[in-house]
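Below is one structure; the comments refer to it alone.
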Amino acid sequence: MRAGLVWISPLLLWAGASQASTSLAPVGPWQITEGTDECRLMRTFGSAQDPQILRFARGSGLDSFDMVFAGATIPRLGNRVTVTFRLLPNGPTQASEAIWGFVPGRKERFLRWWDADPAFLAAFGEDQEIEIGVDGKFVVTIHAAKAKAALRALGACHDRLLKGWGLDTAALKALSQRAKPRASPGTWVSASDYPSDALQRGAGGTAVVLLTINTNGDVNACRIVQTSGNPSLDIVSCQMLRLRAKYHPARGQDGQPVESQDIHRIRWIIPA
């Protein structure tokens, strides 16, 4: 959706040759923040006078991660851009739709993208060079020392977060096949589902839900594990997912359908 509700999916591409030369060294260690909605891994690069910040986040997406790169060297770009993230020298490349923005009163600008593929994180080396580029208009290389160990710690934090929400991570890992949506999850909730009272108040937010999926692939139960901050948005999120979310059921080690769980995040945004 372009308006009302946005469900952003990553686009995988292969990048061209690197335009960056000097690699930014780390300033200080990796830092992990364990919150009620997500786990964040952050590190500063460059210098104390001109810091460039890279942040990974794992939250509601079982199979995704979010990223932010911020710094004063990022030029003014369009509101929506394509960010290419590449592991050097010959690692994989991932490109995602992203937003460009800034905080009023500060010189730093930022790039933020969502729902990137976590399989990409498994390719990180312990002493990894990373190239970040935007549509040929901006490129930077950073030296992410000790990245592999830091990402393992982020994954452990994410497991604890999911368990706290009531997800049985052990049962999920024991499946031979996880439940998979029959159609794009972006079709399950639309802008036309926006509650009128929330629209009138200008209320938006992000709801995170825990779904229980039966052996037919239908949603038996939906529970809000992270509120959008608005009761109407939370209620409609579960109503629509119970009605429209359809899955190919999960399968156990014997290949038979079994009940399972899934997590979804729904971002409600007031139409422009």
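Note that these values count all heavy atoms, side chains included, but never hydrogens, waters or copies made by symmetry.
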Min side-chain heavy-atom separation D37-V208 under 4.5 Å: no
Give a yes or no on whether the backbone of N216 and the side-chain of N214 come within a donor-acceptor separation of less than 3.5 Å. yes
Between Q261 and L172, the two heavy atoms sitting closest are O-CD1, 3.9 Å
Does G91 offer a backbone N or O that forms a donor-acceptor pair with the side chain of R86 under 3.5 Å? no
Got a donor-acceptor contact below 3.5 angstrom from the S96 side chain to the A98 backbone? no
Can you confirm whether the side chains of S228 and D234 place a donor and an acceptor under 3.5 Å from each other? yes
Could you grab the distance from atom OG1 of T215 to atom CG of N220, nearest 0.5 Å is fine? 8.5 Å
Minimum-distance pair of heavy atoms, taken over all atoms of G59 and H158: O-NE2, 2.7 Å
Any side-chain heavy atom of L54 sitting closer than 4.5 Å to one from M67? yes
So F124 and F120, would you call those rings parallel, tilted or perpendicular, with 30° and 60° as cut-offs? perpendicular
Which value, rounded to the nearest 0.5 Å, describes the distance between L77 atom CG and R109 atom CZ? 8.5 Å
Criterion side-chain contact (heavy atoms from CB on, under 4.5 Å) on N79 and W100, from CA distance to verdict: CA-CA 5 Å; N79 290 336; W100 171 93; 4.3 Å; yes
Any non-hydrogen side-chain atom of I53 less than 4.5 Å from a side-chain atom of F110? no
For W165 and S60, does a side-chain donor sit closer than 3.5 Å to a side-chain acceptor? no
Would you say D115's side chain and D66's backbone share a donor-acceptor pair under 3.5 angstrom? no
Side-chain contact, heavy-atom cut-off 4.5 Å: L175 with S260? yes
Could you go through L241 and V219, starting from their C-alpha distance and side-chain angles, then the distance that decides it, and tell me whether this counts as side-chain contact (heavy atoms from CB on, under 4.5 Å)? CA-CA 7 Å; L241 290 176; V219 174; 5.5 Å; no
Here the pair of heavy atoms bringing L88 nearest to Q128 is O-NE2, 2.9 Å
Same apolar cluster: L233 and V225, side chain cutoff 4.5 Å: no
In terms of side-chain heavy atoms, does T169 have a donor or acceptor partner in D159 at a distance below 3.5 Å? no
Side-chain heavy atoms of L167 within contact of L62, under 4.5 Å: yes
Taking it one step at a time, do T36 and Q226 satisfy side-chain contact (heavy atoms from CB on, under 4.5 Å)? CA-CA 8 Å; T36 60; Q226 191 70 36; 4.1 Å; yes
So, K146 and D127, do they make that salt bridge, N to O below 4.0 Å? no
Any chain of hydrophobic side-chain contacts (each under 4.5 Å) joining V134 to F45? yes
Should L211 and I266 be regarded as members of a common hydrophobic cluster, given that ILVMFWY residues are connected when their side-chain heavy atoms come within less than 4.5 Å of each other, either directly or indirectly? yes
Quick one: do F138 and F102 end up in the same hydrophobic cluster if we chain Ile, Leu, Val, Met, Phe, Trp and Tyr together by side-chain heavy atoms under 4.5 Å apart? yes
Using 30° and 60° as the class boundaries, would you call the ring planes of H264 and W188 parallel, tilted or perpendicular? perpendicular
Is the distance between the ring centroids of F69 and F85 less than 6.0 Å? no
Quick one: does any side-chain atom of R182 pair with a main-chain N or O of Y247 as donor and acceptor, under 3.5 Å? yes
Distance in Å, L162 CG paired with D168 CG, rounded so as to fall on 0.5 Å steps: 11.0 Å
Hey, could you give me the CD/CD distance between Q256 and Q253, rounded to the nearest 0.5 Å? 12.5 Å
V103 vs E108 side-chain heavy atoms within contact, under 4.5 Å: no
Check whether any side-chain heavy atom of F65 sits under 4.5 Å from a side-chain heavy atom of L154, and report yes or no. no
For the student: nearest non-hydrogen atoms of Q94 and A116, plus distance: OE1-CB, 2.8 Å
Nearest-0.5 Å distance that lies between atom OG1 in T212 and atom CG in D218: 12.5 Å
Do W268 and D193 touch side chain to side chain, with heavy atoms closer than 4.5 Å? yes
If you round to the nearest 0.5 Å, how far is CH2 of W30 from CE of M42? 10.5 Å
Answer with yes or no whether the hydrophobic clustering places L151 together with I132; edges join I, L, V, M, F, W, Y residues whose side-chain heavy atoms lie under 4.5 Å apart. yes
Please report the shortest heavy-atom distance between K137 and P75, naming the atom on each side. O-CG, 4.1 Å
For the side chain of R43 and the backbone of A145, is there at least one donor-acceptor N/O pair under 3.5 Å apart? yes
In a check of side chain to side chain contact (heavy atoms under 4.5 Å, CB included) between Y194 and each of I269, L199, V236, which one passes? L199
Minimal heavy-atom distance between H143 and S23, with the atoms involved, is N-OG, 3.2 Å
Indicate whether the side chain of Q52 and that of T73 have a donor and an acceptor atom separated by less than 3.5 Å. yes
Give the intermediate values and the outcome of side-chain contact (heavy atoms from CB on, under 4.5 Å) for residues L87 and I130. CA-CA 5 Å; L87 303 186; I130 304 168; 4.1 Å; yes
